[in-house]
Amino acid sequence: MTEATVYQLAQVNIGRLKAPLDSPQLKAFVDNLDPVNADADSADGFVWRLEDESGDATDIAVFGDEWLIINMSVWRDTNALTAYMYQGRHREMLARRREFFERAQEAMVALWWVPAGHRPTVAEAESRLLHLRTNGPTPYAFTLRTPYPSQGAEPLTALELPDDLGCPA
């Protein structure tokens with residue numbers, strides 16, 4: 001069994017909404033949720049995403065804050081995740097994120113390796129985000145700018161990400 005089949009990449013990103021989901025200010029975001037999720041579901045390297053009965057995760061609580069929404073998924077590896085993130089509809093919505101979400105001063109995105117087949121929980125994602133905020137990138141929780149290999153060895157070479165779209169370190 002290869003390392004790629006032993007481990008998969010989990011990612012969580014959260015955002016604090018600027019307005020209620022049913023507001024005119026968030027209409028473009030809400031209207032694009034299903035198409036963006038469908039693009040992810042069919043992307044090369046996509047494994048799984050957190051969703052509720054409605055098909056998205058907008059009603060799933062994170063950190064006990066009703067203004068925070070969560071996106072969590074599992075991918076084959078960092079290359080598959082970045083290939084999806086920085087193209088098509090997702091890239092367009094990512095470029096518009098300041099219209100929909102407050103600017104954050106702390107880490108809102110974390111990555112970590114999970115055994116193949118594992119589906120992370122919201123509590124696990126919260127733990128990874130808090131760890132990243134406290135300790136910076138480590139094998140336990142890291143960023144695309146400072147990735148770690150699945151076996152927890154030395155950091156991989158940082159990926160070149162567009163400054164206007166990337167995840168903060």
Side-chain angles (χ1 to χ4, degrees), residues 1-15 29 32-52 55-58 60 62-63 68-97 101 104 106-169:
M1 186 177 270
T2 68
E3 185 174 306
T5 59
V6 175
Y7 295 99
Q8 295 171 327
L9 183 72
Q11 75 80 31
V12 63
N13 65 80
I14 62 174
F29 172 76
N32 277 282
L33 273 174
D34 288 342
V36 167
N37 285 337
D39 291 348
D41 293 349
S42 65
D44 180 47
F46 172 82
V47 176
W48 169 87
R49 71 179 164 84
L50 178 67
E51 58 185 299
D52 60 20
D56 62 43
T58 56
I60 297 175
V62 60
F63 289 121
L68 287 176
I69 63 170
I70 186 171
N71 172 283
M72 186 165 50
S73 56
V74 176
W75 294 81
R76 180 182 56 232
D77 53 31
T78 55
N79 291 335
L81 175 60
T82 55
Y84 164 73
M85 284 177 58
Y86 299 113
Q87 68 178 347
R89 236 184 312 250
H90 186 271
R91 180 185 175 102
E92 293 168 18
M93 296 310 297
L94 190 58
R96 296 179 62 188
R97 71 188 177 280
F101 299 99
E106 56 196 357
M108 302 293 267
V109 176
L111 307 173
W112 67 100
W113 294 101
V114 296
H118 175 71
R119 301 300 175 247
T121 65
V122 172
E124 187 179 341
E126 290 171 336
S127 172
R128 302 291 175 149
L129 271 168
L130 292 174
H131 181 88
L132 181 62
R133 290 173 180 177
T134 302
N135 302 292
T138 68
Y140 185 78
F142 52 90
T143 67
L144 284 174
R145 291 194 189 275
T146 310
Y148 281 79
S150 59
Q151 68 273 24
E154 290 302 308
L156 300 171
T157 303
L159 298 172
E160 292 297 320
L161 303 175
D163 287 335
D164 64 332
L165 296 178
C167 305

Checklist entry - Can you tell me if Arg128 uses its side chain to pair, donor with acceptor, with the backbone of Ala141 under 3.5 Å? => result no
Checklist entry - So do Tyr140 and Ser127 actually touch side chain to side chain, heavy atoms under 4.5 Å? => result yes
Checklist entry - With ring centroids as reference points, do Trp75 and Phe46 lie under 6.0 angstrom apart? => result yes
Checklist entry - What closest approach, in Å, do His90 and Val36 show between heavy atoms, and which atom pair accounts for it? => result CD2-CG1, 3.9 Å
Checklist entry - For the atom pair CG (Leu68) and CD1 (Ile60), what is the distance rounded to the nearest 0.5 Å? => result 13.5 Å
Checklist outcome for this item: Rounding to 0.5 Å, atoms CH2 (Trp112) and OG1 (Thr138) come to a distance of 12.0 Å
Checklist entry - Is any side-chain heavy atom of Trp113 closer than 4.5 Å to a side-chain heavy atom of Leu9? => result yes
Checklist entry - Between Trp48 and Gln8, do the side chains contain an N or O donor and an N or O acceptor separated by less than 3.5 Å? => result no
Next on the checklist: Restricting to non-hydrogen atoms, name the atom on Pro137 and the atom on Tyr148 that form the minimum distance, rounded to 0.1 Å.
Outcome noted: O-OH, 3.3 Å
Next on the checklist: Between Arg91 (side chain only) and Gly88 (backbone N and O only), is there a donor and an acceptor less than 3.5 Å apart?
Outcome noted: no
Next on the checklist: Holding to salt bridge (charged side-chain N to carboxylate O under 4.0 Å, His left out), I want the full list of residues that pass it with Asp34, two or more places apart in sequence or in another chain.
Outcome noted: none
Checklist entry - In Å and rounded to the nearest 0.5 Å, what is the CD1 to CG distance from Ile70 to Leu50? => result 6.0 Å
Next on the checklist: For His131, is there any backbone N or O sitting under 3.5 Å from a side-chain donor or acceptor partner on Thr134?
Outcome noted: no
Item to check | Between CG on residue Leu33 and CD on residue Glu51, distance to nearest 0.5 Å | outcome: 12.0 Å
Checklist entry - Got Gln11 and Asn71 here, is their nearest side-chain heavy-atom distance under 4.5 Å? => result yes
Item to check | Check: Arg76 side chain, Val47 main-chain N or O, donor-acceptor pair, under 3.5 Å | outcome: no
Item to check | Heavy-atom closest pair, residues Met85 and Leu94 | outcome: O-CD2, 4.2 Å
Checklist entry - So how far is it from Tyr86 OH to Leu81 CG, rounded to the nearest 0.5 Å? => result 8.0 Å
Checklist entry - Mind checking whether Ile69 and Phe29 have side chains closer than 4.5 Å, heavy atoms only? => result yes
Checklist entry - How many angstroms lie between CG in Asp39 and CE in Met93, if you round to the nearest 0.5 Å? => result 11.5 Å
Checklist entry - Within a strict 4.5 Å, meaning less than it, do heavy atoms of the Pro147 and Leu111 side chains meet? => result no
